[in-house]
S.K.: 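One structure, as structure tokens, below. Some questions next.
If you're wondering where the values come from, they're calculated on a predicted model, not measured in any experiment. Chain letters run A, B, ... following the sequence lines, proteins first and then strands; every chain starts at 1.
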Amino acid sequence: MDILAELRSRFGSAIAAFATEDDSFLSMIRPAQDARFGDFQANMAMPLAKLLSKPPREVASEIVSRLDVADLCDSPEVAGPGFINLRVRADRLAQETSRLVADKRLGVVPVAEPRTVVVDFSSPNVAKPMHVGHLRSTVIGDALVRVYRFLGHRAISDNHIGDWGTQFGMILYGYKHLLDRESFEREPVAELSRLYRLVNQLSEYHTARAELPELERRIAAAEEDIASFEAALDPKDKDAKKRLGKLRNELTALREEQQFSEAKRDAIEHNLDLKALADAHPKIAVEARLETAKLHSGDPDNTELWRRFLPACLDALHRVYDRLGVTFDEELGESYYQPLLASVVDELASKGLASESDGATCVFNEGFTAPFIVRKADGAFLYATTDLATIKYRIEQWQAQAMLYVVDKRQSDHFEQLFVTAHRWGYDDVVFKHVSFGTILGDDKKPFKTRSGDTVGLESLLDEAVERAYRIVSEGDDAKPDGPELPEEERCRIAEIVGLGGIKYADLKHNRDSDYVFSWDKMLSTTGDTATYMQYAYARVNGIARRGGVDAAELRAHDATVSLDAPEERALALQLNRFAEAIDGVVRDDRPNVLTDYLFSLAGAFTSFYDKCPVLKAETAELRRSRLVLCDLTARTIAKGLNLLGIAVSERM
RNA sequence: GCCCCGAUAGCUCAGCUGGAUAGAGCAACGGACUUCUAAUCCGUAGGUCGCAGGUUCGAAUCCUGCUCGGGGUACCA
């Protein structure tokens, strides 16, 4: 039973007499902020008092007198200005806990009205290797799908792959001019990926070289501006100082840009082979774009190559997804919607939503300065067009009622416009939501990059996590009092679970909106709020079961009497009964960190219990059995909770 | 210029729709292993919630202004 939900319903009847149907009063029942105030607190007496012009404590007493919770709580207390403090009855808590034992869903009741929710996440480009930027979308999206599904919704995970863009032109160009045939036959994916990187690098080289003189000119100009500004500066003029600061910032940005460009230039010029290639392909960027354009206009050769390359590229992506344990119901890439785009634009035009402007076809939405462009002046479509076609498709084919886009928050403008346009287009009863997230930063507080300034490849990131985890697992095992107990392959298996779990958990535990600093030491720390802490708690429970020869099936099959005399037992039981509350909290605003917080408290309650309450050596057989039930429930809840986050557990560590 | 987001303990971050004395983890300090895995537990210390006003019985939370930082801003995604 979701105790909080039950309390809300009880309070509903109690405050009905005050003639309000307002849910917001019921939402003012919440977990107690401090254990001294009990388990839950109700705060609605104060605002109600204002409404009724009565003293708040009087209103609180009145609510309490109408409140029927005698079976659930000790007698409610009015405290402070008018808080109603509630403490769950010990016998009831024990009873609810023993009820969980037989409940496969651990108290989480499926929703009464399931909805069809499309979760759009990950969305890499096929030609490029996945990098760290795809991690958050993938991990958060996958967790949300799992949670929605567990709640009984029809969640459709859809990987909106970029398989039709400029990056494919680079591969096509590379294949035609720079191919190492032998390597392609041996390992097509690796070769295609090399070609992408090579073409990209060469075209960036030419761009950098072309831009550097202009950059230098602008830097010189900026320096001059600043110098003359400083000379004329009145120290008391605040506005002038502010402008000077801005100029300096601009100069810094220009210098950074210059450094990047120089690095790109030097990388080629310090390598004779690359320099020769660059000289041989001076117009590589333009020509790669031309290959993309040919593909889009249906050129048979390029279409044929695209068909050949795509499966190999998808395989490469799936290797990463398999490892992460992420699956998709649908993987309809941009190319899939290609045939629908023209009609989308026509439809928007015929409904009077889209109009011509500077040769482009645009939707002008109120409140936006920039238009939402659905067709470029040259006739090409954009991601805005594809996104609109995708919306239409999902609604018509899947009867989608809600769409969640798990995408970087920098794209919020795009989604705002997209959603407004979709509503105006006629899809106004569908819920669209940009589940935005912040950037992963390095130690320097700038977007996480390698030392040489490249984005970090996702596969190498996962490899490193597992390697680090392996060292930790081995050290831990070697240090066991009775000597190591894990064979080599077991250590490897656990390292995979701990390493990947660490990476995912670190990502999920942060509020998705904030940027966060990526730190190996923190995510794989052997102390503190990490996946390992939960996994370790799980392994300890299993250690007890193993050592005690406990038959879990037998334990769950019989009615259990749970005793909660020790404070640690009570605290643990209360946490166990709050799983549904936590799951509910996740979908309230699509925030997986609500679940990580819960699991950390649960694991904390368990380890305190573990420390103070002997299980196998409990004083009586009844107590032993009661504690075993608590252990079993803890293990199941941790495993299920982590599973909903896409994180695995191990029986031993 | 305009728009959006952020600023909470030394560090990294929570803080739900406004509620009681603002919380974790790390780092620091002090305790606890002859006892089910010490990858642990218990305790101490640490904050003018960027600044200034306002709304309210009550503000980290809502409003206004300011400072600093990040991002976006017409044919890339």
S.K.: Of all the nucleotides listed (B:C41, B:A14, B:G25), which has the minimum atom distance to the side chain of A:Asp529?
M.R.: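 From the listed options, B:G25 comes nearest.
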S.K.: Please confirm whether the shortest side-chain N or O distance from A:Arg540 to OP1 or OP2 of B:A38 is below 4.0 Å.
M.R.: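 Answer is yes, contact under 4.0 Å.
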S.K.: When you compare the side chains of A:Asn365 and A:Thr421, does any donor N or O come within less than 3.5 Å of an acceptor on the partner?
M.R.: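 Yes - a donor-acceptor pair under 3.5 Å links their side chains.
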S.K.: Does A:Tyr533 have a side-chain nitrogen or oxygen under 4.0 Å from the phosphate oxygens OP1 or OP2 of B:C41?
M.R.: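 Checking B:C41 against A:Tyr533, a side-chain N or O does come within under 4.0 Å of OP1 or OP2.
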S.K.: Looking at B:A7, I'd like to know if its phosphate oxygens (OP1 or OP2) sit under 4.0 Å from a side-chain N or O belonging to A:Ser514.
M.R.: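 A:Ser514 to B:A7 OP1/OP2: no side-chain N or O under 4.0 Å.
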S.K.: Answer yes or no: does a side-chain N or O of A:Asn511 lie under 4.0 Å from OP1 or OP2 of B:C13?
M.R.: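 Checking B:C13 against A:Asn511, no side-chain N or O comes under 4.0 Å of OP1 or OP2.
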S.K.: If every non-hydrogen atom of A:Val587 is compared with every non-hydrogen atom of A:Val147, which pair is closest and at what distance?
M.R.: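 Shortest heavy-atom separation between A:Val587 and A:Val147 comes out as CG1-CG1, 3.7 Å.
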S.K.: Quickly, which of A:Asp482, A:Asp477, A:Asp478 forms a salt bridge (Lys or Arg N to Asp or Glu O under 4.0 Å) with A:Lys480? Name it, please.
M.R.: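 Single salt bridge (Lys or Arg N to Asp or Glu O under 4.0 Å) partner of A:Lys480 among A:Asp482, A:Asp477, A:Asp478: A:Asp477.
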S.K.: Using atom C1' in both nucleotides, what's the gap between B:A22 and B:A9 to the nearest angstrom?
M.R.: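 Nearest-Å result for B:A22 against B:A9 at atom C1': 11 Å.
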S.K.: Which part of the nucleic acid, if any, lies within reach of A:Tyr516 when heavy atoms closer than 4.0 Å are counted: base, sugar-phosphate only, or nothing?
M.R.: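 Sugar-phosphate, backbone atoms only, no base.
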S.K.: Hey, does the side chain of A:Arg410 come within less than 4.0 Å of B:A77's phosphate (OP1/OP2), counting only N and O?
M.R.: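 The answer is no; no side-chain N or O of A:Arg410 sits under 4.0 Å from OP1 or OP2.
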S.K.: OP1, OP2 of B:A39 versus side-chain N and O of A:Tyr536: anything below 4.0 Å?
M.R.: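 Looking at the OP1 and OP2 atoms of B:A39, one of them is under 4.0 Å from a side-chain N or O of A:Tyr536.
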S.K.: A:Phe40 ring centre to A:Arg578 NZ or CZ under 6.0 Å, with the angle to the axis within 45°?
M.R.: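 The answer is yes, since A:Arg578 meets both limits relative to A:Phe40.
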S.K.: Is there a side-chain contact between A:Val615 and A:Phe609 (heavy atoms, below 4.5 Å)?
M.R.: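 A:Val615 vs A:Phe609: side chains touch.
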S.K.: On RNA chain B, does the nearest nucleotide to A:Leu616 precede the nearest nucleotide to A:Val517 from the 5' side, or the other way round? Give the residue.
M.R.: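 Upstream on the strand: A:Val517.
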S.K.: Could you tell me how far apart A:His414 (NE2) and B:A74 (P) are, to the nearest whole angstrom?
M.R.: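 Rounded to whole Å, this separation is 14 Å.
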S.K.: If you find the nucleotide of RNA chain B closest to A:Gly162 and the one closest to A:Ser27, which residue's nucleotide is nearer the 5' end?
M.R.: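 By nearest-heavy-atom nucleotide position, the 5'-most residue is A:Ser27.
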S.K.: Which listed nucleotide (B:A77, B:A38, B:G19) is nearest to the side chain of A:Gln411?
M.R.: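 Of the candidates, B:A77 comes closest.
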S.K.: Check every strand shown and say whether A:Asp515 touches a base, only sugar-phosphate, or nothing at a heavy-atom separation below 4.0 Å.
M.R.: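 Sugar-phosphate, backbone atoms only, no base.
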S.K.: Would you indicate what A:Cys362 reaches in the nucleic acid, counting non-hydrogen atoms under 4.0 angstrom: base, sugar-phosphate, or nothing?
M.R.: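 Base, at least one base heavy atom under 4.0 Å.
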S.K.: Any side-chain N or O of A:Asn593 less than 4.0 Å from the OP1 or OP2 oxygen of B:G15?
M.R.: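 Answer yes for this pair, as a side-chain N or O of A:Asn593 is under 4.0 Å from OP1 or OP2.
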S.K.: Base, sugar-phosphate or nothing for A:Glu334? Non-hydrogen atoms, less than 4.0 Å.
M.R.: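 Sugar-phosphate contact only.
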S.K.: When the C1' atoms of B:C16 and B:A74 are compared, how many Å lie between them, rounded to an integer?
M.R.: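 Taking atom C1' in both B:A74 and B:C16, they lie 39 Å apart.
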S.K.: With a 4.0 Å cut-off on heavy atoms, is A:Phe37 in touch with a base, just the backbone sugar-phosphate, or nothing at all?
M.R.: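 Result for A:Phe37 = base.
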S.K.: Strictly below 4.0 Å: does A:Thr166 bring a side-chain N or O up to OP1 or OP2 of B:C76?
M.R.: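 Result: no.
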S.K.: With respect to the phosphate group of B:G19, does any side-chain polar atom (N or O) of A:Arg30 fall under 4.0 Å of OP1 or OP2?
M.R.: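 True: A:Arg30 side-chain N/O within range (under 4.0 Å) of B:G19 OP1/OP2.
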S.K.: Can you tell me which nucleotide in B:C42, B:A74, B:U37 comes closest to the side chain of A:Ala539?
M.R.: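 Of the candidates, B:U37 comes closest.
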